[in-house]
Amino acid sequence: MVFFMAERVLMKGNEALAEAAIRAGCRNFFGYPITPQTELAAYMAKRMPKIGGTYLQAESEIAAINMVLGAASAGVRAMTSSSSPGVSLKTEGISYMAGSDLPALIINVQRGGPGLGGIQPSQSDYWQATRAPGHGDLHVLVFAPSSVQEMVDLVSKAYDLADNYRMPAMILADGMLGQMMEPVVLSDESDKPLPKKEWAACGHNNERKHNIINSLYLTASELERLVKERFERYKVIEEKEPMFENYCTDDAEYIVVAYGATSRIAKAAVKEARSEGIKVGLVRPITLWPFPKKAMAAAAENAKAFLCVEMSMGQMIDDVKLAINCKCPVGFFGHTGGVIPTPAEVLEEIKKMAKA
Amino acid sequence: MAVVFKKPSALTDMPTHYCPGCTHGIIHRLVAEVIDELGIEGKTVGIAPVGCAVMAYNYFACDMIEAPHGRAPAVATGVKRSLPGNVVFTYQGDGDLAAIGTAETVHSATRGENITVIFVNNAIYGMTGGQMAPTTLPGQVTQTTPYGRDVKVAGYPVRICEMVSTLDGTAYAERVAVDCVKNVNKAKKAIKKAFQTQLEGKGFSIVEVVSACPTNWGLAPNDALEWLRNNMLPYYPLGVYKDKTEEVKE
Amino acid sequence: MKDMNAILAGFGGQGILFMGKVIAYAGLFDNREVSWLPSYGPEMRGGTANCSVCISDDPICSPLVNNPNVLIVMNLPSFDKFIDKVVPGGIVIIDSTLIDKKVQRDDITAYYVPATALAEENGMKGLANIILMGKMMSVTNFCTKETMQKTLEKIIPPKKQHLIPKNMSAVELGINA
């Protein structure tokens with residue numbers, strides 16, 4: 001498919017993620033088939049050979065993430081994509097990349113868990129993404145798009161921040177966003193220069209001392225120094241990079257918090273509740289790490305109650321409570337993988353909250 | 001005064017941490033000499049394993065990456081696909097390459113990944129203190145086979161050269177040893193050929209180096225080499241297992 | 001129709017998802033907000049298939065349609081599954097060749113189109129979906145014939161462009177059905 005600049009086209013979320021990555025300079029994709037992210041890999045398989053890039057189907061998720069580790073070490077923009085069970089396998093590589101200060105992009109088109117779970121949309125990897133994307137003291141940047149257009153925009157953002165802060169970034173999508181088609185405008189970023197990576201292991205060309213990409217530090221104090229250094233960087237990120245959207249929050253007495261596909265459903269419910277005179281608003285985290293704590297706290301200023309809506313058993317609710325310092329009660333409504341909440345159900349919960 | 005023997009420039013000045021009598025030092029030197037002779041240090045990227053050679057990144061003077069356990073061939077794949085003009089090698093032990101990393105080894109070979117693998121087989125896990133390796137011989141005593149490797153319980157050793165030579169993507173596979181001068185010289189020739197195979201774009205090359213681990217075998221260095229000859233070489237015969245380098249490319 | 005929230009449902013192989021894409025593209029060419037969401041199961045062939053399609057002048061909130069104001073059904077299980085979900089005042093278009101049930105509700109408008117039979121009779125085998133979509137055009141005005149022509153030109157691959165006139169005839173047949 002050939003696109004013209006600024007043309008509005010209809011694309012599946014999975015395909016849009018792939019095209020956006022290519023436009024952001026990614027020429028190395030390593031994947032392994034898993035539903036519901038398959039279209040992403042298929043798109044890459046079709047496009048990469050035509051633009052001199054690499055699409056490689058690895059022998060496992062583990063191999064795929066380590067190929068990404070290699071490509072990222074070499075200094076190029078690399079990517080892998082998977083869905084929940086596959087991302088569990090990638091956590092090894094993610095930890096090593098975090099420990100080696102390597103930028104890369106990992107896509108998780110979430111499905112239901114635990115175990116093999118299901119293949120329907122879910123948000124039950126929130127804990128994994130924000131708490132333990134790998135062993136050790138580490139964070140990865142976590143972006144949660146809620147539309148196909150935002151998937152496109154956040155891919156480019158994720159690469160830039162990953163390069164800037166030298167750390168892995170994750171797009172936490174779900175099967176619904178991955179499978180749905182919406183209009184998108186893709187920008188042409190081919191002129192945008194990619195950042196220089198002096199640290200890369202790409203051959204020293206007899207011009208400098210050898211570069212070492214490594215996460216092993218056997219001297220405890222040295223390891224601690226590096227981890228602390230990394231956490232100083234994390235502090236800056238928590239200060240500067242949180243992203244969120246406020247909808248009808250200005251005079252809101254009640255706040256719904258939802259991200260990703262679920263936020264679309266929550267927004268429909270908020271809209272309906274507003275038409276019925278309930279002063280309710282929506283705070284939608286766009287970055288899950290860093291979590292938009294200040295936005296939550298600001299919304300809590302005049303709020304009587306919060307409601308967290310998720311496609312999980314309530315994995316984000318603790319972050320909301322911490323962000324607002326338990327200033328008001330935080331309720332929860334959600335379903336697990338594949339049982340997608342309906343706007344009517346959320347509206348019902350909003351009404352209950354407003355009556356309480 | 002004329003210098004007649006010096007450190008290859010592809011090795012750094014860092015003193016190695018290897019035990020007395022360990023053959024890693026010899027193999028490092030051979031790889032470095034080959035890199036020097038081919039004049040490729042500036043465009044070489046090495047991948048260190050997890051195991052005794054984990055800190056190889058400090059010893060080789062080319063750019064180095066330390067991979068997760070067993071994943072060196074996958075990391076090498078990522079590097080080589082990103083930088084096809086560079087030379088990429090992995091340096092791996094038997095636990096790394098033939099147990100936890102078997103899938104990565106087999107699949108990088110069958111893809112014909114244009115990389116070079118230096119596989120150090122000393123029939124034991126060294127760094128963790130002498131546990132059974134996938135290449136531990138039947139009857140061999142280790143920390144985790146205290147009564148000797150019982151094949152009824154622990155199965156049989158893996159012969160990597162034999163296995164990967166069945167794969168179409170493998171261009172060159174040879175097993176060598178570093179127990180005596182003659183074999184060390186042969187080992188260097190094999191390592192050089194492996195790198196040349198890559199430079200000529202012919203596909204996956206692997207050199208298995210049968211090595212000694214005096215510390216964990218509980219033997220003096222010379223006795224360890226003797227044990228290697230008497231026990232390992234019969235199970236792991238030396239020689240070329242695959243050589244497609246002379247074939248005309250289609 | 002200002003906000004169209006449609007569910008299209010039937011068996012796999014009836015072109016349900018394709019019909020949804022055509023409708024969504026038509027909305028796109030009219031510069032409106034659109035979304036298309038398939039329900040996906042493990043089976044690659046056969047089985048039931050349905051999709052949600054929204055067209056609106058405002059940004060679309062939930063792309064998942066729970067209560068459609070337009071429903072097209074091409075098999076009995078889909079009829080049974082969705083008929084009570086249609087909002088009052090909504091529209092249902094039924095392939096009456098494949099479904100002999102009648103709608104029992106009086107708060108929705110039902111159109112019975114023997115689309116599969118019409119397709120067979122007119123040498124348009126496999127275009128029952130397009131006939132039903134034509135009917136949907138005439139009763140909802142979700143797009144004009146000109147937009148539909150443009151849409152088909154855009155989304156039918158170059159090698160199959162010769163099929164456009166036949167598709168447009170199917171649309172016409174549906175409009176007049």
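Quick note on labels: first sequence line is chain A, next is B, and so on, each numbered from 1. All values derive from a computational prediction rather than experimental measurement.
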dist A/E59:CD -> B/S108:OG (nearest 0.5 Å) comes out at 7.0 Å

Check whether A/A200 gets within reach of chain B through its side chain, its backbone, both or neither, counting any heavy atom under 4.5 Å. backbone

Is the CZ atom of A/F231 crowded by more than 12 outside heavy atoms at less than 6.0 Å? yes

Take atom NZ of B/K193 as the centre, draw a 6.0 Å sphere, and report whether it contains more than 12 heavy atoms from other residues, nucleotides or ligands. yes

Rounded to the nearest 0.5 angstrom, the CD1-CD1 distance for B/I100 and A/I62 is 8.0 Å

Taking all heavy atoms of A/A201 and all of B/V45, pick out the closest pair and write down the distance. O-CG2, 3.6 Å

Taking side chain as everything from C-beta outward and backbone as N, CA, C, O, which of these in A/A78 sits under 4.5 Å from a heavy atom of chain B? Side chain, backbone, both or neither. neither

Could you give the distance from CZ (B/R81) to CG (A/L56), rounded to the nearest 0.5 Å? 4.5 Å

Please tell me if the side chains of A/I65 and B/R71 come closer than 4.5 Å, counting only heavy atoms from C-beta onward. no

Can you tell me if A/K46 has over 12 outside heavy atoms packed within less than 6.0 Å of its NZ? no

Using heavy-atom distances under 4.5 Å, tell me whether A/V68 contacts chain B through its side chain, its backbone, both, or neither. neither

Which portion of B/V87 sits near chain A, non-hydrogen atoms under 4.5 angstrom: neither

Which portion of B/T110 sits near chain A, non-hydrogen atoms under 4.5 angstrom: neither

Minimum heavy-atom distance B/E104-A/S60, with the two atoms named: OE2-OG, 4.4 Å

Using non-hydrogen atoms and a 4.5 Å limit, figure out which bit of B/I65 sits close to chain A: side chain, backbone, both or neither. both

Would you check if B/M55 and A/L218 make a side-chain contact, meaning some heavy-atom pair closer than 4.5 Å? yes

Going from SG on B/C62 to CG on A/N205, what distance comes out if it is rounded to the nearest 0.5 angstrom? 13.0 Å

Residue pair A/N66 / B/P68: nearest heavy atoms and the distance that separates them: OD1-CG, 3.0 Å

What do you reckon, is OH of A/Y32 surrounded by more than 12 foreign heavy atoms closer than 6.0 Å? no

Taking B/A61's backbone N and O only, do any of them form a donor-acceptor pair with A/H204's side chain (distance below 3.5 Å, no angle check)? yes

Distance in Å, B/E66 CD paired with A/S100 OG, rounded so as to fall on 0.5 Å steps: 7.5 Å

Please report the interatomic distance CD1(A/I212) to OG1(B/T12), rounded to the nearest 0.5 Å. 8.0 Å

Is chain B contacted by the side chain of A/R27, its backbone, both, or neither, given a heavy-atom distance below 4.5 Å? neither

Counting neighbours of NZ on B/K242 that are heavy atoms of other residues, nucleotides or ligands and sit closer than 6.0 Å, is the number greater than 12? yes

Heavy-atom distance under 4.5 Å between the side chains of B/I47 and A/S73, does that happen here? no

Can you check whether A/N211's main-chain N or O pairs, donor with acceptor, with B/D63's side chain at less than 3.5 Å? yes

With side chains defined as the heavy atoms from C-beta onward, is the minimum distance between B/T44 and A/H210 less than 4.5 Å? no

At their closest point, which heavy atom of A/A74 faces which heavy atom of B/S82, and how far apart are they? CB-CB, 4.1 Å

Looking only at heavy atoms, what is the nearest atom pair of A/G70 and B/V79, with distance? O-CG2, 3.3 Å

Between the side chain of B/N86 and the main-chain N/O of A/C202, is any donor-acceptor distance below 3.5 Å? yes

